[in-house]
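For reference, the structure is listed below as structure tokens.
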Protein chains: 2
Amino acid sequence: MHQPKNLQSAGLKSTTPRLKILSLFENSKERHLSAEGIYNILHSSGEDVSLATVYRVLTQFEQAGLLLRHHFESEKSVFELNLGKHHDHIVCLQCDHVEEFYDTAIEARQKKIAADHGFTIHEHSLYIYADCTKRNCPNKR
Amino acid sequence: MHQPKNLQSAGLKSTTPRLKILSLFENSKERHLSAEGIYNILHSSGEDVSLATVYRVLTQFEQAGLLLRHHFESEKSVFELNLGKHHDHIVCLQCDHVEEFYDTAIEARQKKIAADHGFTIHEHSLYIYADCTKRNCPNKR
DNA sequence: AATGCGAATGAGAATGGTTATCATTTGCGC
DNA sequence: GCGCAAATGATAACCATTCTCATTCGCATT
Ligand SMILES: [Mn+2]
Ligand SMILES: [Mn+2]
Ligand SMILES: [Zn+2]
Ligand SMILES: [Zn+2]
């Protein structure tokens with residue numbers, strides 16, 4: 001089961017703001033971006049898209065299955081391209097570094113726990129908050 | 001390692017709003033409560049505490065280790081008494097029913113994953129979103 | 001029990017992320 | 001190129017939460 005690669009196949013007409021935002025996700029080295037982050041990146045490269053449109057497009061892309069939305073500990077939503085491979089996240093509390101992981105044991109335990117409680121899982125969110133080891137991370141001080 | 005049972009031992013002078021809110025958590029059948037929920041419960045029993053104070057007290061209690069704060073899928077924070085036993089949550093997407101669980105396998109895998117990535121875990125949040133089986137849950141139709 | 005003072009509270013303004021409104025512009029089938 | 005529904009931009013509104021500041025309260029000391 002694959003995601004549509006273009007806007008039309010997602011039922012969205014291809015407009016300038018949508019194309020800019022989609023290509024930003026496809027080309028940025030940061031996989032995980034907030035609305036404000038996208039807005040700032042676009043403006044600093046001279047591409048003016050209104051903040052309202054950034055929010056609208058992100059929501060549309062999420063509904064179309066192009067993007068996934070995350071709620072990390074910060075109060076702003078963070079988005080990433082939906083490549084169809086589920087994974088969870090380790091988020092550095094000092095810098096904004098995010099690492100992805102997938103653990104079959106955890107996934108299996110979750111299924112079993114929900115079943116044992118008589119629940120039908122829709123989705124889950126697992127965020128590990130930690131200190132990372134990046135050279136330039138402020139937790140290195 | 002135990003939590004303080006009273007306000008003084010948490011370094012908080014015992015005021016009327018604080019005592020009301022603490023006893024609400026100790027006596028309510030709902031373990032997981034939002035600021036607005038607390039405000040409403042207090043007001044419907046004639047106990048008037050301003051919403052600003054509810055928010056202030058919740059934050060103070062959290063900092064004192066008396067309460068834990070959660071960010072479920074809804075945009076408002078949810079609090080529960082900190083009884084010192086870590087657990088994760090299954091949240092029904094239809095009603096607000098919450099079940100708690102603790103799984104040693106998941107906890108162990110998380111530690112290992114963080115270590116493998118060179119991170120030092122501070123905390124984690126694992127929320128399973130699902131449909132529950134309560135008789136009166138709207139997902140029953 | 002009255003006093004005094006710093007901490008706590010209440011009322012409402014302010015904030016920050018996000019959504020809604022509405023006039024104007026744009027994509028795109030004809 | 002036309003026409004119109006859909007998309008956008010500017011800005012107001014929203015909503016949970018925090019802040020401001022004048023008033024009140026807890027509590028230690030007379
Ligand atoms: Mn990711
Ligand atoms: Mn709980
Ligand atoms: Zn870091
Ligand atoms: Zn339910």
Side-chain angles (χ1 to χ4, degrees), chain A residues 4 6-24 32-64 66-80 91 96, chain B residues 4 6-24 32-64 66-80 91 96:
Chain A
N6 50 6
L7 298 176
Q8 297 77 268
S9 53
L12 297 167
K13 51 170 87 161
S14 75
T15 66
T16 311
R18 285 172 181 161
L19 291 169
K20 285 178 183 169
I21 292 172
L22 184 54
S23 88
L24 200 167
H32 306 88
L33 296 168
S34 67
E36 193 191 10
I38 289 164
Y39 177 80
N40 289 336
I41 293 173
L42 289 175
H43 273 243
S44 49
S45 29
E47 323 265 22
D48 286 8
V49 176
S50 87
L51 187 53
T53 298
V54 171
Y55 275 104
R56 273 187 295 240
V57 169
L58 290 174
T59 300
Q60 292 157 352
F61 282 8
E62 183 195 12
Q63 287 165 351
L66 287 169
L67 293 181
L68 297 175
R69 180 195 300 259
H70 298 293
H71 301 96
F72 295 154
E73 203 137 274
S74 126
E75 46 287 329
K76 39 180 69 167
S77 289
V78 169
F79 298 82
E80 70 176 317
V91 182
D96 284 325
Chain B
N6 51 4
L7 297 176
Q8 296 78 267
S9 53
L12 297 167
K13 52 170 85 160
S14 74
T15 66
T16 311
R18 285 172 183 161
L19 290 168
K20 285 178 183 168
I21 292 172
L22 185 54
S23 87
L24 200 167
H32 305 89
L33 295 168
S34 67
E36 193 192 10
I38 290 163
Y39 178 81
N40 289 336
I41 292 173
L42 289 175
H43 274 243
S44 49
S45 30
E47 323 266 22
D48 285 7
V49 176
S50 87
L51 188 53
T53 297
V54 172
Y55 275 104
R56 273 188 295 241
V57 169
L58 290 174
T59 301
Q60 293 159 349
F61 282 8
E62 183 196 12
Q63 287 166 350
L66 287 169
L67 293 182
L68 296 175
R69 180 195 300 258
H70 298 292
H71 300 98
F72 295 155
E73 203 137 274
S74 124
E75 47 288 329
K76 37 181 68 167
S77 290
V78 169
F79 299 81
E80 70 175 318
V91 182
D96 285 325

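Residue numbering restarts at 1 for every chain, and letters A, B, ... go by the order of the sequence lines. Everything quoted here is computed from the prediction, not taken from an experiment.
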Legend entry - Contact list for DNA chain C against residues 34-44 of chain A - heavy-atom distance below 4.0 Å: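 By residue number: none to list.
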
Round to a whole Å and report the spacing from [atom1] of [X] to [atom2] of [N].
X       : N      : atom1 : atom2 : result
B:Lys20 : D:dG26 : NZ    : P     : 11 Å
A:Glu73 : D:dT17 : CD    : C1'   : 16 Å
B:Gln60 : D:dG26 : CD    : C1'   : 14 Å
B:Leu58 : D:dT17 : CG    : C1'   : 11 Å
B:Lys76 : D:dT18 : NZ    : C1'   : 16 Å
B:Arg18 : D:dG26 : CZ    : P     : 11 Å
A:Leu7  : D:dA6  : CG    : C1'   : 14 Å
B:His71 : D:dA16 : NE2   : C1'   : 11 Å

Inset, instruction - Take A:Ser50 and B:Glu75, find for each the nucleotide of DNA chain D with the closest heavy atom, and name the residue whose nucleotide sits nearer the 5' end. - result: A:Ser50

Sub-4.5 Å side-chain heavy-atom contact between [X] and [Y]:
X       : Y       : answer
B:Val78 : B:Arg69 : no
A:Leu7  : A:Thr15 : no
B:Leu12 : B:Arg18 : yes
A:Glu75 : B:Glu75 : no
A:Leu58 : A:Phe79 : yes

Between the main-chain N or O of [Y] and the side-chain N or O of [X], is there a donor-acceptor pair closer than 3.5 Å?
X       : Y       : value
B:Ser45 : B:Glu47 : no
A:His71 : B:Phe72 : no
A:Thr53 : A:Val49 : no

Inset, instruction - Tell me yes or no: between the side chains of B:Arg56 and B:Thr59, is some donor less than 3.5 Å from an acceptor? - result: no

Inset, instruction - From the options D:dA16, D:dG9, C:dT9, select the nucleotide whose nearest atom is closest to the side chain of A:Thr53. - result: D:dG9

Inset, instruction - At under 4.0 Å between heavy atoms, which parts of nucleotides 19-30 of chain C does protein reach? Answer with one letter per nucleotide, 5' to 3': B base, S sugar-phosphate only, - none. - result: BBB-----SS--

Legend entry - B:Ser77 side-chain N/O to D:dT17 phosphate OP1/OP2 under 4.0 Å: yes

